[in-house]
Structures are given as C-alpha cells and as structure tokens.
Amino acid sequence: MCGITGWVSFDRDLTTETRALDAMTQTMACRGPDDRGTWSEGPAALGHRRLAIIDLPGGRQPMTVRTPAGTVAMVYSGEAYNFTELRRELVGRGHEFTTDSDTEVVLRGYVEWGDAVAERLNGMYAFAVWDGRHDKLVMIRDRMGIKPFYLYPTPDGVLFGSEPKAILANPLVRPRVGLDGLRELFTMVKTPGHAVWEGMREVEPGTVVTVDRAGLRTRTYWRLQTRPHTDDRDTTVATVRELLDDIVRRQLVADVPRCTLLSGGLDSSAMTALAARQLAVHGEKVRSFAVDFAGRTDNFVADELRGTPDTPFVHDVARLARTDHQDIVLDVASLADPAVRERVIRARDLPAGFGDMDTSLLLLFRAVRDQSTVALSGESADEVFGGYLQFFDEGARTADTFPWLFQFARHFGDDSDVLRADLAKSLDLDTYVADAYRSAVTGIQRLDGESDFEYRMRRMSHLHLTRFVRALLDRKDRMSMAVGLEVRVPFCDHRLVEYVYNAPWALKSFDGREKTLLREATRDVLPQSVYDRVKSPYPSTQDPEYGRALQDQVKDLLARPDHRVFDLVDREKADRAARRTELSTQAGRRGLERTLDLAHWIDLYDPELTLS
C-alpha cells in the first residue's frame with residue numbers, strides 16, 4: 001500500500017524537473033512512511049512513497065524491467081491477492097524474479113500481457129507503467145475503485161497521483177473549483193470521473209487509461225453486468241460462504257501485524273469471525289479494534305437509525321471468536337479538536353461533509369496504527385447484500401432520485417442550507433441531482449422476464465455499487481492512509497460483488513430482513529445477539545458538548561468577517577447554527593460541521609472559486 005505520482009511531458013526532458021517531482025512525491029508521505037523513490041527518463045518521471053506490507057526489503061519502487069526495446073517502469077499502490085498464482089504462471093513463461101513482492105508480479109505481468117494484466121488481477125490497486133518500448137504511460141485502477149487515482153491532462157502529456165494534492169503540488173496546476181465542482185461537493189452523487197478540482201479527473205474504476213503522443217485513451221476492462229442467476233437458495237448461501245472463506249484467506253496475507261475493525265454489526269462480525277477461525281488453525285489470534293465514545297453505552301439514546309449501542313455486540317463477538325480485542329474510546333475534546341478536523345480535510349483534499357464520523361474514523365485508525373499495519377474492514381457489505389434502510393423503504397424504492405439522498409433528507413436534513421442564497425440559486429442542486437440520476441440509471445441491464453419490482457431492486461443495488469460505495473471507499477482510504485494504515489475490504493472482491501449482484505432480491509432478503517444471504521452464510525460463526533441484530537450505521541457521538549464545542553468554533557469564525565468562507569456560507573445562517581439548542585444529533589450539528597470544514601479547506605488550499 002503506497003502513494004504514487006508522476007508526470008509525462010512529451011515536449012520536455014523531465015530528468016531536469018526533480019524539484020517538481022520531489023514536491024509531488026512528498027505530498028504522499030503519509031501514505032508511504034517507510035520509503036520513498038523517484039525515477040525519470042526522457043519524457044517520464046515517476047514518484048513513490050511506500051508502506052511496506054509484503055517483502056519488506058524487496059518491494060522498493062519505482063520498479064523497473066530492462067528490455068532490449070526499452071525500460072518498463074512502474075509505481076504501484078495496493079495489493080494483488082492472487083499474486084502467488086500469477087507468479088507461478090509467469091515463471092512458467094520464463095520470467096525470473098528478484099523479489100518476493102506482489103509489485104514485481106504486477107510489473108512482469110504487464111511485460112508479459114500488456115494492459116490485459118488488469119483482467120488477471122484480484123485485489124485493490126492503482127498503478128502506472130511507463131512503457132519505454134512504446135513511449136506511452138498506462139494507468140490502471142481496480143474494478144471497484146478501492147484505491148484512489150487522479151489524472152490531470154496537460155497540453156503535452158499528463159500528471160497523475162493517488163490523491164489530488166500530489167497533482168496540485170505541480171507548478172503547472174492551480175487549485176481552482178467552479179460551480180460544477182461545488183455541485184459535486186454538495187450532492188453526494190459521486191459522478192464517475194469527477195474530481196471537483198477544475199481540469200482534474202478520476203481514473204474511473206475498472207478502466208485502463210493510456211497516454212502517448214497521440215493523446216489520451218480510455219478502455220473499460222470491467223463493469224457490473226447483469227447475468228441470470230440459476231442457483232437455488234441453499235446453493236447460493238453455500239457459494240457466498242465459499243467465496244468469503246477464500247477472500248478472507250487471501251486478504252490475511254501480510255508480512256506485518258494485521259487486525260480487524262469490529263463494529264458489532266453483521267458485516268464486521270462475520271469477517272472477524274471468519275478470520276479468527278482461519279488463523280486459529282495456525283495457532284494465531286485475531287486482533288480486533290472497535291470505536292466507542294466516552295459514556296455512550298451507559299447514556300445511549302435510541303433513534304430511527306441506531307437502535308442499540310455497538311459495544312455489547314462487539315464484546316459478544318470478541319468472546320466467541322476469542323480475539324485479542326481493544327476498544328478505542330474517544331472523548332469530546334479529541335473529536336472537536338480543530339487540528340484533527342484540519343487533518344481530515346488535508347487527508348481528503350475536500351470538505352466532504354461527514355462530520356464527526358470522519359474525525360472519529362481518523363482517530364480510530366491512528367490508534368490502530370500504533371499496533372497494526374493492516375486492518376480488514378466490513379466496509380461495502382451493505383451495498384453488496386442490501387443492508388441500508390432505503391432498500392426496505394417504499395418511498396426510497398420508488399423515488400426518482402438516488403435512494404440514499406431520500407434517506408439523508410429524512411434523517412440529516414440538508415447541509416447545503418448554509419450556503420448564500422445567490423450561490424444556492426446558481427448551483428441549482430436539484431437539477432444537478434436529477435440530471436445525475438437520469439445518467440446513472442441509463443443502461444442498467446434488465447433480465448428478460450424480470451419483474452418490475454426485481455428490476456427496481458436491481459437498479460438500487462447497481463446505484464449503490466457504482467456510486468455510493470465509491471464515496472465510502474474513498475473516505476476509508478483517505479482516513480486510513482493519512483496515518484499509514486492499510487485497510488482491506490473483503491466484501492469488495494469482484495467475484496463476490498458479481499455473484500451477489502445477480503442474485504434476485506427474493507434471495508437476498510428471503511426472510512424479509514437485510515443481508516439475509518450474508519447472515520445465513522456465516523450464522524455458524526456468529527453469536528446469536530449479532531445474528532438477530534438490526535442494522536446500525538457507523539456510530540456518531542450523542543454528546544451535546546461536542547456540538548457546543550463546534551458552536552464556539554463557528555462563533556470565532558464569525559468574528560472574522562473577512563474570511564473567504566463567507567463567499568460560500570451565509571453569515572446569518574452560520575450565526576443561527578451557532579445558537580441552536582439541539583446538538584446531540586448529526587442533523588442538529590450538520591450546518592456547523594459543514595461551515596467549519598469549508599473554512600479549514602479554504603485555509604489549507606486557498607482555492608480559486610469561480611462562482612459565476
């Protein structure tokens with residue numbers, strides 16, 4: 001797991017641009033605290049920061065292969081979970097390896113198969129190959145978009161990086177954000193390829209982007225496709241379990257301490273229990289970590305989203321699976337610390353608007369990193385198996401919009417209501433969302449004979465797996481890599497995603513509950529309490545002291561009337577938010593958090609805002 005960056009300029013000799021390359025590479029230091037490396041040759045320059053996971057002494061990058069026709073050089077971020085099988089195949093084809101790393105397997109796989117290596121990989125990855133045999137750059141991103149990857153076309157080539165900050169460090173780029181970028185920022189529609197920053201794009205999941213003197217070309221090597229599902233219930237449950245056992249086995253491979261993130265929900269509990277069973281065969285224990293807030297369990301108040309506190313269920317799993325468990329208990333002072341919020345914004349490059357769920361995640365990951373380098377997470381099971389409330393809400397099922405936005409409006413309100421009225425009118429967010437929704441549902445394949453209801457549920461699944469999950473995966477990656485922690489996501493294995501996506505809703509919820517397939521596939525390793533538990537989202541503090549701390553910070557901001565945040569935020573609305581009395585819920589604090597996030601973002605990046 002690492003941070004990558006680079007620059008291709010067909011009109012320059014980039015061996016003379018070491019200062020710019022070093023600056024771009026340095027922005028990735030948090031992603032790769034263990035090592036750094038750069039490489040340049042003619043029109044190409046590559047930078048790398050390394051978090052060493054497999055073959056600690058042998059996996060240094062950039063990594064090169066010399067061929068009679070030219071050098072092939074690569075920078076790689078991620079893990080290929082099937083690298084052992086690919087290595088055997090490549091050895092059989094005559095390749096000789098000098099390291100035990102998966103990086104060299106991917107590089108030599110490219111030398112052997114070209115960009116078709118993408119179809120052979122199982123894992124999470126974003127990598128760039130400078131192919132000196134043909135003077136071209138090839139960029140490849142994993143199928144689900146687990147690892148981030150951005151590019152910025154230039155008149156004579158391209159800049160790229162794991163995060164926007166790497167590209168923004170190049171002197172050719174100015175940090176500009178226009179109306180369309182703000183629209184993306186305030187709507188949670190996750191338009192494919194959109195990067196908010198003007199001129200910048202995401203390398204879309206499941207694509208290969210090639211840049212040569214003729215320009216830039218994109219090829220899609222994977223997309224979520226509709227196929228008939230012919231397995232009966234028992235076979236489907238058994239297949240899900242077989243896949244999960246194989247996925248967890250592969251993702252436990254590491255040469256550094258590893259652990260699991262345990263919330264007490266079905267997803268993380270199943271994953272932790274399967275990992276514990278597999279490691280027990282080798283006489284090992286799983287380390288597990290959970291986040292909690294000071295006083296939350298004793299003072300918990302149930303609401304529509306969260307009916308129970310997590311900690312009792314976490315402990316039930318830890319006892320049954322015999323994990324070496326630790327609760328990471330956070331206090332209000334840490335959650336509300338402006339320095340922590342600033343670090344969140346720097347990690348994400350944007351004021352993404354997740355509030356204390358971002359700050360708590362960063363603090364959790366920081367504490368976990370003190371003891372482990374790799375963590376397995378239950379992230380994405382809700383998208384794969386259909387776990388969110390909106391999957392069971394008839395209003396969300398039939399709404400002519402993204403189903404999560406239907407739920408957000410009900411439970412969290414609208415955080416764009418802090419914006420100045422003239423800006424809100426220019427943004428016209430309702431039209432932007434409506435256009436994005438129409439684009440997102442176009443082309444979703446329907447099976448012959450599929451009922452209207454089943455097709456509606458297929459569309460909901462498709463939207464979550466191609467839009468919503470990408471936002472959460474980006475959040476997970478940025479928060480974890482900001483502290484040098486690699487988080488793996490077993491439920492994003494493309495084999496599992498493809499299989500469960502095509503199972504009809506009648507099978508996914510054959511008992512009328514959420515994630516029935518996952519529950520039944522892992523019932524033998526779950527405590528009864530977790531098997532029976534209703535879905536509960538990632539926790540949020542209920543302590544009103546957190547909200548009051550935010551109010552004080554907004555009041556301090558209001559005392560600075562010349563701050564550029566008020567180019568976006570209405571001062572009177574911010575003042576009203578700073579005098580609210582309901583501060584124990586996310587909805588009650590949302591305007592405060594958004595205002596502070598925007599202010600920190602402006603302070604850190606000084607973006608040029610084009611608001612007309």
Side-chain angles (χ1 to χ4, degrees), residues 1-6 21 25 28-29 31-41 44-133 137-142 146-147 149 162 249-258 372-374 481 484-488:
M1 191 67 65
C2 308
I4 67 173
T5 190
L21 181 61
T25 304
M28 301 287 96
R31 298 185 72 88
D34 297 329
D35 198 6
R36 71 174 295 279
T38 59
W39 174 92
S40 59
E41 186 176 277
L46 306 177
H48 187 264
R49 293 291 312 211
R50 186 183 184 208
L51 176 63
I53 302 294
I54 293 173
D55 188 9
L56 306 191
R60 296 197 68 192
Q61 298 184 50
M63 190 173 284
T64 60
V65 171
R66 304 285 181 182
T67 78
T71 300
V72 181
M74 183 178 78
V75 282
Y76 169 80
S77 171
E79 304 290 346
Y81 301 124
N82 63 335
F83 78 97
T84 302
E85 299 98 305
L86 289 176
R87 181 188 175 103
R88 282 197 297 266
E89 184 176 356
L90 288 164
V91 168
R93 290 173 172 265
H95 289 264
E96 296 181 0
F97 287 82
T98 61
T99 76
D100 294 323
S101 70
D102 63 326
T103 303
E104 188 178 8
V105 172
V106 175
L107 175 56
R108 292 189 177 274
Y110 175 83
V111 172
E112 179 67 27
W113 298 301
D115 65 30
V117 68
E119 285 93 332
R120 294 173 176 265
L121 296 176
N122 175 293
M124 55 179 186
Y125 46 85
F127 61 95
V129 178
W130 170 253
D131 191 337
R133 300 169 302 179
L137 181 75
V138 178
M139 295 174 280
I140 299 177
R141 190 177 183 194
D142 66 65
I146 304 168
K147 300 310 298 176
F149 204 173
S162 292
R249 175 182 61 80
R250 291 177 182 276
Q251 298 198 19
L252 283 171
V253 174
D255 295 335
V256 292
R258 62 238 196 270
S372 292
T373 310
V374 170
M481 295 305 293
L485 177 70
E486 174 177 303
V487 176
R488 298 176 177 179

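Please read these numbers as outputs of a predicted model, since none were measured by experiment. We're numbering straight along the sequence, starting at 1.
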Inset, instruction - With the side chain counted from C-beta on, respond yes when T84 and V253 share a heavy-atom pair under 4.5 Å apart, and no when they do not. - result: no

Inset, instruction - Taking the side chain as every heavy atom from C-beta outward, state whether T25 and H48 have any pair of such atoms under 4.5 Å apart. - result: no

Legend entry - Nearest atoms (heavy-atom pairs only) where M28 meets S162: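 For M28 and S162, the tightest heavy-atom pair comes out as SD-CB, 3.7 Å.
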
Inset, instruction - Kindly determine whether D131 and Y110 satisfy side-chain contact (heavy atoms from CB on, under 4.5 Å), including the steps that lead there. - result: CA-CA 9 Å; D131 191 337; Y110 175 83; 2.8 Å; yes

Inset, instruction - Say whether, by atom type as modelled, one donor and one acceptor occur between the side chain of R141 and the main chain of K147 under 3.5 angstrom. - result: yes

Legend entry - Heavy-atom side-chain proximity of Y76 to L107 below 4.5 angstrom: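 They are not in side-chain contact.
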
Legend entry - For the student: nearest non-hydrogen atoms of V374 and L485, plus distance: N-CD1, 4.1 Å

Inset, instruction - Only counting residues at least two apart or in another chain, list the ones meeting side-chain hydrogen bond (donor to acceptor under 3.5 Å, both in side chains) with R87. - result: none

Legend entry - Heavy-atom closest contact (V117 atom, G109 atom, distance): CG2-C, 3.8 Å

Inset, instruction - Provide the closest heavy-atom pair for S101 versus T99 in the form atom of the first, atom of the second, distance. - result: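 Of all heavy-atom pairs spanning S101 and T99, the closest is OG-OG1, 2.9 Å.
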
Legend entry - Side chain to side chain, T64 and W130, heavy atoms closer than 4.5 Å: no

Inset, instruction - With rounding to the nearest 0.5 Å, note down the distance linking OH in Y81 to CG in N122. - result: 8.5 Å

Legend entry - Pairwise distance CZ(R36) to SG(C2) - rounded to 0.5 angstrom: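 If I round to the nearest 0.5 Å, the distance is 13.5 Å.
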
Legend entry - 4.5 Å side-chain heavy-atom contact, L121 and F127: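 Yes; the side chains approach each other to less than 4.5 Å.
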
Legend entry - Contact summary for I146 and G123, nearest pair of heavy atoms: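 That would be CD1-O, 4.4 Å.
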
Inset, instruction - Could you go through the side-chain contact (heavy atoms from CB on, under 4.5 Å) check for R108 and R93 one step at a time? - result: CA-CA 11 Å; R108 292 189 177 274; R93 290 173 172 265; over 6 Å; no

Legend entry - Side chains of E112 and E89 in contact at under 4.5 Å (non-hydrogen atoms): no

Legend entry - Minimum side-chain heavy-atom gap E79-R250 below 4.5 Å: no

Inset, instruction - Answer yes or no: is there a donor N or O on one side and an acceptor on the other, between the side chain of R120 and the main chain of N82, under 3.5 Å? - result: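 Looks like no, no N/O pair under 3.5 Å.
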
Inset, instruction - Measure the CG-CE distance between L51 and M481 for me, rounded to the nearest 0.5 Å. - result: 5.0 Å

Inset, instruction - Could you grab the distance from atom CZ of F149 to atom CD1 of I4, nearest 0.5 Å is fine? - result: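 Reported to 0.5 Å precision, the distance equals 4.0 Å.
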
Legend entry - Flag, side chain of E104 to backbone of T98, donor-acceptor distance under 3.5 Å: yes

Legend entry - G47 backbone acceptor or donor facing T38 side chain under 3.5 Å: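 A pair under 3.5 Å: no.
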
Inset, instruction - Check salt bridge (charged side-chain N to carboxylate O under 4.0 Å, His left out) between R88 and all other residues, then give those that pass, not counting sequence neighbours. - result: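 Testing R88 for salt bridge (charged side-chain N to carboxylate O under 4.0 Å, His left out), a comparison that skips the adjacent residues, returns none.
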
Legend entry - D142 CG to S77 OG distance, which is reported to the nearest 0.5 Å: 9.5 Å

Inset, instruction - Identify the two heavy atoms, one from V105 and one from L86, that lie closest to each other, and give their separation to 0.1 Å. - result: CG1-CB, 3.7 Å

Inset, instruction - Would you check if the side chain of D102 reaches a backbone N or O of F83 as a donor-acceptor pair within less than 3.5 Å? - result: no

Legend entry - Single hit among R60, R49, R50 for side-chain hydrogen bond (donor to acceptor under 3.5 Å, both in side chains) with D35: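 Among R60, R49, R50, the one meeting side-chain hydrogen bond (donor to acceptor under 3.5 Å, both in side chains) with D35 is R60.
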
Inset, instruction - Flag the pair I53 / T373 as yes when at least one side-chain heavy-atom distance between them is below 4.5 Å, and no otherwise. - result: yes

Legend entry - From CA spacing to verdict: side-chain contact (heavy atoms from CB on, under 4.5 Å), V129, V72: CA-CA 7 Å; V129 178; V72 181; 3.5 Å; yes

